[in-house]
Every structure is written in C-alpha cells, then in structure tokens.
Peer 1: 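My questions will all concern the structure given below.
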Amino acid sequence: MKKKNKKKGDKGMSFYKKKLDKVFALFIRLKETKEVNGKREGQCITCRNIKPFEELEAGHFISRVYLKYRWSPINVHIQCRYCNRFREG
C-alpha cells in the first residue's frame, strides 16, 4: 500500500493532535477549577493540594497513547505539575 504524497502546506495528524490537546487541556482546567478572590484555583486529584490555575495540568488516568481515551473528560482530571510529571499521575 502506497502512502499518499503530502502536498506542500498540508498539516499532518500530529499537528491537529497537538492543537486539540491544548484546547482539551484548557477545557479540563476551566471545568475543574473555580474562581476564588479573583483568581482561579483547583485541587490536584492526586495530592489534593490547592494550586493556582497556572500550575495545573490535564492528567490522564489511562495514557494518551490510546486515542479512544485521549480526549475523554472521564479519563482526564486536573493535577499539579509535580504529580502529573513525576508521580506518573
């Protein structure tokens, strides 16, 4: 089976995945945080610490490798950077 030749200017699947990842992460962070005294904050699902919006990330329970779950709101919750990156969610 031959691969289709990409036309100049065509964007690959990885380009659109990255775009969707950013929008989805923002959606999760907005959905799971609340405004307190003019600033957004939320509770990390792993360590339970309250963190400012800027320090929260969208953490996946089931790896993003599985596209079926990558953008599922049931699979993704807010986590602080430390828990998401070093405690493996």
Peer 1: Can you tell me which residue pairs pass the salt bridge (charged side-chain N to carboxylate O under 4.0 Å, His left out) test with a partner in residues 53-64, sequence neighbours excluded?
Peer 2: Asp21-Arg64, Glu57-Arg81, Glu57-Arg85
Peer 1: Do the side chains of Pro73 and Phe24 get nearer than 4.5 Å, heavy atoms only?
Peer 2: yes
Peer 1: Considering non-hydrogen atoms only, spot the tightest contact between Ala58 and Val76 and give its length.
Peer 2: CB-CG1, 3.6 Å
Peer 1: Starting at CE of Met13, measure out to NZ of Lys18 and round the result to the nearest 0.5 Å.
Peer 2: 13.5 Å
Peer 1: side-chain contact (heavy atoms from CB on, under 4.5 Å) with Phe15: which residues, sequence neighbours excluded?
Peer 2: Lys11, Lys19
Peer 1: Does any part of the side chain of Thr46, heavy atoms only, come nearer than 4.5 Å to the side chain of Arg87, both counted from C-beta?
Peer 2: yes
Peer 1: With hydrophobic residues grouped by side-chain heavy-atom distances under 4.5 Å, do Leu56 and Ile50 end up in a single group?
Peer 2: no
Peer 1: If you measure from SG on Cys83 to NE2 on His77, what distance do you get to the nearest 0.5 Å?
Peer 2: 14.0 Å
Peer 1: Out of curiosity, Cys47 SG to Tyr82 OH, how far, rounded to the nearest 0.5 Å?
Peer 2: 10.0 Å
Peer 1: If you look at every heavy atom in Asn75 and Ile62, which pair is closest and at what distance?
Peer 2: OD1-N, 2.6 Å
Peer 1: Looking at residues at least two apart in the chain, or sitting in another chain, which of them share a side-chain contact (heavy atoms from CB on, under 4.5 Å) with Leu67?
Peer 2: Lys17, Arg70, Trp71
Peer 1: Does Ile45 reach the side chain of Ile78, with side-chain heavy atoms less than 4.5 Å apart?
Peer 2: no
Peer 1: Going from CD1 on Ile74 to CZ on Phe61, what distance comes out if it is rounded to the nearest 0.5 angstrom?
Peer 2: 12.5 Å
Peer 1: Can you list, by chain and residue number, the hydrophobic cluster partners of Phe53 when the side-chain cut-off is 4.5 Å?
Peer 2: Leu26, Leu30
Peer 1: Filter on salt bridge (charged side-chain N to carboxylate O under 4.0 Å, His left out), then keep only pairs touching residues 23-52, sequence neighbours left out; what's left?
Peer 2: none
